[in-house]
Amino acid sequence: MLRCIRQYSAHAYQKTVRLPRSQFSPRSDLRKTYEQILPQACDQLYRDQYQELLQKVQELPDDTDKANFVRDRVFVLHDGPPYANGDLHVGHAMNKILKDIMSRYQLTKGRYVFYRPGWDCHGLPIELKALRSLDYDTAAISPQQVRAMAAQHAEGAIAAQRKQFQQFGILTDWQDTYRTMDPGYEIQQLRLLQGIFARGLIRRQRKPVYWGTETRTALAEGELEYRDDHISKAAYVYFPLTEGASATLRERLGTSLPEQPIVCLIWTSTPWTLLSNRAICFHDDHAYLLLQWKGMLVVAERTELADFKWSGDTPVVVTSFRGSDLRGLYYTNPLLGDAVSRPLLHGDHVTADTGTGLVHTAPGHGQEDYLVGQAHGIEVYSPVDHEGRYILDDIPPHLRDMLREESGKPLKVTDQKTAGVIIKLLEEHKMLLHSHEYTHSYPYDWRSKKPVILRATPQWFADLSDMKHHAVESLENVEFFPARGKKRLEAFIKSRNEWCISRQRSWGVPIPALHLRSNPDEVLLNNETLAHIIETISKVGINSWFEESNAENMKQWLPEKYHDVAHLYYRGRDTIDVWFDSGSSWNLLEKWYTETLGLKKPLQPLADVYLEGSDQHRGWFQSSLLTKVAASGTVGAPFGKIVTHGFTLDEAGLKMSKSLGNTIAPSSIIEGDQKLQLPRLGVDGLRLLVAQADFTKDVAFGPLIARHVADSLKKVRLTFRFILGNLQDCPSVASAGEQASLAPGDCAQLRRIDWYILDKTQKLTAKCQGLYESQNYSNVISLVLYHMSNDLSLYFDASKDTLYMEPPHNKRRLAIQTTLFHILDAYRSILGPIMPALVQEAWNCLPREWLRGDTTPALRRPWPALPALADRIRDCETTDLALVTAFRQALARLPHVRKPEQCRVIIYMPDSALYTVEDVMELTQAGEVIIDGSKDRVLALPHVSKLDANNDILLAVKESPNHKCPRCWKHASPEADALCNRCARVLQ
């Protein structure tokens, strides 16, 4: 027989080897992924589980059962809407993918997922983008035209972004989304505003607000970015006390003071506001000094006098006194050229840590200044227009020429040139001690990236003074990841007393207020008019509000009892802050609970998780919480957990931005980009790139990192391919006469090494479940790659000879296949949330017989559970690894042998059941194994290794004297060019 078999050609022997074969490609096919895999793993999967959820809820008998079922079995992730402007960048991808990983993990736990994507559509950037598309003067464009162009721009951006988002493999229904410009959403938002107004929390006031001089609108605190490198021109300025005030102060101090004028020395970093000065603030309890220097100066005792540029003699301290001695005194402002006496007032906000302890006060340009002015009946004066330029008609005539540009336009207060002009005017009026450059933190408009100013204008405000305490208390029941987010959000809320909710733009939801034509500051807005206007908008559309107001069309906007005076009013043009727009999106969840699921009332909290960038502590997280608390008047956040991620950086550690030109489009990562030196990673590569990073910090993306991810992705994909390739000849589909007694997936007849790798895999699975629970996705990837490189590598190497050379019905081969199936199932559960396309593609290539009729989709299958393994693996982790290590060390010492199959292994063991010849051959991949019953004979061999602590197991390795088998290539053949006994048996 051997002679017959010896006649086989080498090519014929190759055909008898059962090499892995599978339709699972070593590389992903993007077209196939987009057209076949993603629809199956995303859209269809989401719709199927969602329809199943609706059916199950509908079948439950009463509201209590429904509520309990939803609370226990449904995971609600609410989407913070991205802005509908421009293409997506890698930061968008990170946000959406992190959300998706969380959702998919919940799906594997047997929960249903509700995740509706949204878009934030109103606001300034979209309006400006629409206006920039025009070639003519935009001042003549009507609000309706602006709104039409802005809506068209938003629609186009949403369509483009939706297409890009779909490439990320997101588990959702992209046909079921929300947009803040949808009519139903806008009406719901207005009704929320109505409810907050009814609780007395909305009012209109003329007061200083942050104002963007480039964007020409009021800004909320959440729309500011503070830059620490802002440079202001600061100045120390004299304000002389009136003659009567000087005499009064000398009398109060009770000392023999020279009969000299007394001046107050103030310090300011905004000299342009000195034209609006209306008071000086001191603090009753601070200590002040009277200095003798070219007259008499008042400063705080803690003022660092050495920092001043004194000319001539050094000032001498005449006396000290308490701030309360300044009460009731008056001063003048020579810069304004008038003789008006202005008051010195106590201010709680005055500190002695900076400046001179005397604070220049302009109620039209500062928050604390405004409060002091209100308390003392001082006018709110702000001679600055919406562009940030001086209103010259409101400026004293003798200053107007100095405050013009060469073109004749008034100076812009944020320009450095303006500060220089004011400094020069102070010198001319003998009011300047000295000026200097001052570097400090200053707010910038986060859209225009330009400095903002504080400017008094009539605006609508939400009163947060009482509400914020409920908001902070609501956070006690919210989980934060990372935990530091709680203090950050609390700090933002505690620092606010009000929220400026009005904006001076056309593209937004209107504030439904009516203004008297003869006096626009007189506003008609009450519960009755508000309800009528909202009802009218719901009938005629929100764009009708922005049509020109005239006597004919005003009646429809007012209840009948106001029809006689309707012509006296016009519709206001202020729109609602876009943070109020997106912040009110929790309304959608309330409607979903009651209208879609049929619950009598929404569950609380409305969403299990809000997940956004860390910048949303000042933005969406805050506006969502504040609108929810304001609407209900009670404690209760709309979210049960807040998860935040960092910003995206380039590999140099710089924050990605369009201005720096270092942004990366997700498509460049998915499809590759030669210019950026980015390898083609595909959909799963992009997701792996996100998952492998610690997202709680800022995350770097770039070519080097992408190449590392490409290597990891290749390793994962080849691992799946190896497993699938060896599962194709499933035992239940073997040919007649080869039917195995081992059913697919049956663990009863597994070997020790099989139990060993399953134990390792089960421990990996348990650890990864814990990591998913704690949102530690990067460590999931690290553990998986380690398991592949170490545990699986050992097992695969030990299994290849049996898999390739033995027939399908061989029980050792069947045991390996069963083990590989369970490894694949474990990897499906571990990697499914992160790499759903790869897992779905792999599952599609798995013979259905391995699933025993289970039709559960791969990405909804639960995490696998195997029997207890500890009692089955015994000393496998120590003895088997010691055997492999000893063999490899001995192999390295053999001078003419480089491959395991060229070796003969001789092993002694007192327990003959510990290893079989096949066990040792698989572990070492040696060409030949001999189990020797004589300990002394083995000890006499060269290079003997002792494998256990008692020296009971011995191993020796030497070059095999046998010939190479032309089929399995092991040196185990008794004759040259002849098959070894094992291969001859298999072929027979």
Side-chain angles (χ1 to χ4, degrees), residues 122-123 127 141-148 150 180-181 183 185-207 209 216-218 220 380 386 456-463 498-578 580-581 584 627 630-631:
H122 294 129
E127 182 172 333
I141 302 299
S142 70
Q144 298 99 303
Q145 290 174 299
V146 171
R147 291 178 59 81
T180 60
M181 67 179 185
Y185 189 100
E186 293 172 330
I187 291 298
Q188 198 67 27
Q189 179 181 331
L190 285 169
R191 287 180 178 146
L192 174 63
L193 181 71
Q194 178 186 10
I196 298 175
F197 178 83
R199 297 191 59 243
L201 298 176
I202 305 292
R203 63 177 183 271
R204 188 172 189 263
Q205 290 179 281
R206 176 181 169 82
K207 62 183 301 184
V209 294
R216 304 177 188 180
T217 185
V380 180
H386 63 291
T457 60
Q459 300 290 340
W460 293 94
F461 296 89
D463 184 3
E498 59 191 13
W499 174 5
C500 179
I501 64 169
S502 52
R503 296 293 181 271
Q504 288 64 55
R505 310 305 304 184
S506 298
W507 178 230
V509 176
I511 294 178
L514 304 175
H515 297 255
L516 194 64
R517 293 179 186 273
S518 59
N519 181 14
D521 286 338
E522 187 173 327
V523 175
L524 176 59
L525 180 63
N526 55 46
N527 292 327
E528 186 180 8
T529 62
L530 191 49
H532 181 87
I533 290 170
I534 294 173
E535 185 62 28
T536 302
I537 288 176
S538 67
K539 293 177 181 177
V540 302
I542 205 164
N543 286 333
S544 299
W545 177 267
F546 294 90
E547 295 175 356
E548 185 176 353
S549 300
N550 55 57
E552 296 300 322
N553 65 23
M554 282 305 299
K555 287 185 178 180
Q556 69 171 330
W557 297 102
L558 282 164
E560 188 174 352
K561 73 177 187 180
Y562 293 99
H563 283 185
D564 289 345
V565 295
H567 63 285
L568 301 177
Y569 291 88
Y570 68 91
R571 296 184 297 281
R573 287 291 180 262
D574 289 343
T575 53
I576 303 176
D577 176 16
V578 292
F580 195 101
D581 281 19
S584 62
T627 53

Next item on the list: Would you give the length of the straight line joining atom CD1 of Ile533 to atom CD of Glu528, rounded to the nearest 0.5 angstrom?
Entry: 11.0 Å
Notebook entry, point to check: Is there a donor-acceptor pair closer than 3.5 Å between any side-chain N or O of Arg147 and the backbone N or O of Ser506?
Noted result: yes
Note to self: Ignoring hydrogens, what is the shortest heavy-atom contact between Leu516 and Tyr570? Give both atom names and the distance.
What the structure shows: O-CE2, 4.0 Å
Check: Where is the tightest heavy-atom contact between Tyr569 and Met554, given as atom of each residue plus distance?
Finding: O-CG, 3.6 Å
Notebook entry, point to check: Between Ser502 and Trp460, is there a donor-acceptor pair closer than 3.5 Å when you use the side chain of the first and the backbone of the second?
Noted result: yes
Notebook entry, point to check: Can you list the steps and then say if Arg206 with Asp521 is a side-chain contact (heavy atoms from CB on, under 4.5 Å)?
Noted result: CA-CA 9 Å; Arg206 176 181 169 82; Asp521 286 338; 5.9 Å; no
Notebook entry, point to check: To the nearest 0.5 Å, how far apart are OG1 in Thr529 and NZ in Lys561?
Noted result: 9.5 Å
Check: Can you tell me if His532 uses its side chain to pair, donor with acceptor, with the backbone of Gln556 under 3.5 Å?
Finding: yes
Notebook entry, point to check: Just by modelled atom types, is the Asp581 backbone N or O under 3.5 Å from a matching donor or acceptor in the Tyr185 side chain?
Noted result: yes
Check: Do the side chains of Gln459 and Lys207 get nearer than 4.5 Å, heavy atoms only?
Finding: no
Next item on the list: Would you check if Ser544 and Trp557 make a side-chain contact, meaning some heavy-atom pair closer than 4.5 Å?
Entry: yes
Next item on the list: Evaluate the criterion side-chain contact (heavy atoms from CB on, under 4.5 Å) for residue pair Asn553 and Arg571; output intermediate values, then yes/no.
Entry: CA-CA 10 Å; Asn553 65 23; Arg571 296 184 297 281; 3.4 Å; yes
Notebook entry, point to check: If you measure from CD1 on Ile501 to CD1 on Ile511, what distance do you get to the nearest 0.5 Å?
Noted result: 5.0 Å
Check: Can you name the closest pair of heavy atoms from Glu498 and Gln205 and give their distance?
Finding: OE1-OE1, 4.3 Å
Note to self: Keeping His515 on the side-chain end and Pro520 on the backbone end, is there a donor-acceptor pair under 3.5 Å?
What the structure shows: yes
Next item on the list: Apply side-chain contact (heavy atoms from CB on, under 4.5 Å) to the pair Leu558 and Leu524, showing each step before the final yes or no.
Entry: CA-CA 10 Å; Leu558 282 164; Leu524 176 59; 3.7 Å; yes
Margin query: To check you understand the geometry: which heavy-atom pair defines the closest contact between Gly572 and Trp545, and what is its length?
Written below: O-NE1, 2.9 Å
Item checked: Donor-acceptor under 3.5 Å (Glu127 side chain, Trp507 main chain) -> yes
Notebook entry, point to check: Between the side chain of His386 and the main-chain N/O of Arg216, is any donor-acceptor distance below 3.5 Å?
Noted result: no
Margin query: Using modelled atom types and a 3.5 Å cut-off, is there a donor and acceptor pairing between side-chain atoms of Arg503 and backbone atoms of Cys500?
Written below: yes
Note to self: Looking at Ala630, is its backbone amide N or carbonyl O close enough to the side chain of Arg199 to form a donor-acceptor pair, meaning the two atoms are under 3.5 Å apart?
What the structure shows: yes
Notebook entry, point to check: Minimum heavy-atom separation for His122 to Glu186, with atom names?
Noted result: NE2-OE2, 3.1 Å
Next item on the list: Decide yes or no on side-chain contact (heavy atoms from CB on, under 4.5 Å) for Tyr562 and Leu514, but give the supporting numbers first.
Entry: CA-CA 12 Å; Tyr562 293 99; Leu514 304 175; over 6 Å; no
Next item on the list: Starting at CZ of Arg191, measure out to OG of Ser584 and round the result to the nearest 0.5 Å.
Entry: 13.0 Å
Item checked: Closest contact, heavy atoms only, Phe197 versus Leu525 -> CZ-O, 3.5 Å
Check: Parallel, tilted or perpendicular: which describes the rings of Phe580 and Trp499, with under 30° parallel and over 60° perpendicular?
Finding: tilted
Note to self: Looking at Ala218, is its backbone amide N or carbonyl O close enough to the side chain of Gln504 to form a donor-acceptor pair, meaning the two atoms are under 3.5 Å apart?
What the structure shows: yes
Margin query: Quick check on side-chain contact (heavy atoms from CB on, under 4.5 Å): which of Val509, Ile537, Ile542, Leu192 does Ile187 satisfy it with?
Written below: Ile537
